[in-house]
Amino acid sequence: MKIKFLGTGSGKTSLNRHHSSFLISSSNHNVLVDCGDGISSAVLKQDMSFNSIDSILISHFHADHFSGLPSLLTQMKLLSRKNDLTIFVHKSEKDFLEDFIFHSYLFKERMTFDLKIISFDEDFEVKLNEGFSFISKINSHLYKYRRASLETSTLQENKLGFVSLSFLFKDEENSVIYSGDIGSENDLYLFNQKTDWFITETTHIKKENIPALLDKLDPSKLILTHIGDDFE
Ligand SMILES: [Zn+2]
């Protein structure tokens, strides 16, 4: 498994780092995890081809994780991409994502490639390619937006799934956990298993607790991302 970090910044736009996004590759498949604002520039800066991305996986619908998608699809269209592209999205946001792409005037029948939007459920293994898969779990990152009582929430809010995902990627040799943006440190232990690499964020965790994370999770490598200018 190989990982290329395209953006390691936080939700705050910075001149030093792009918003958090990485490409994880195995078994001849490259999946882009998150595609926030500015992702197309981040791809160019890495000297990477837009067409090398086989699929896109979205952890949650905050702007720093998904809002670059229409631009990314536009670049692929302008380059007359031919290979299929699959976007994997949690079932709670599939209708919204279909609408978002449609309202960006990116009509499937006008694309130069086959665009598939596939929804998945948490806790179920999703195969990316032979021997390369992921499983997701819902973390508490978006729970803060939930109103305490259903009576005070509006009809619009009831459309929201409040789903932010953590992922476990596996191929025949390695495993990588990506916590995604989390709500509390308990979210770091959702998978409760040993992993080769553990990727997590630094915006919603206290800096002083990071050494303890290493002790508890004991991965071969702990990778910190979602780094704000104040964390440098
Ligand atoms: Zn974020």
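Sequential numbering from 1 along the given sequence is applied to the chain's residues. Each ligand, and each atom within it, is numbered from 1 in the order the structure gives.
Among the atoms of D181, an N, O or S atom falls under 2.8 Å of the Zn ion (ligand 1). Metal site remark for the Zn ion (ligand 1): H60 contributes no N, O or S atom at a distance under 2.8 Å. The Zn ion (ligand 1) has no N, O or S atom of H62 closer than 2.8 Å.
Centred on the Zn ion (ligand 1), the angle running from H65 (NE2) to D64 (OD2) is recorded as 90°, rounding to 10°.
Contact check on K108 versus E98 returns a salt bridge, with a Lys/Arg side-chain nitrogen under 4.0 Å from an Asp/Glu carboxylate oxygen.
At distances below 3.5 Å, at least one donor-acceptor pair connects side-chain atoms of T203 with backbone N or O atoms of H226.
The side-chain tip of R146 points at the ring of Y143 from less than 6.0 angstrom away and within 45° of straight on.
Using a 3.5 Å distance cut-off with no hydrogens or angles, the side chains of R81 and T112 do not pair a donor with an acceptor.
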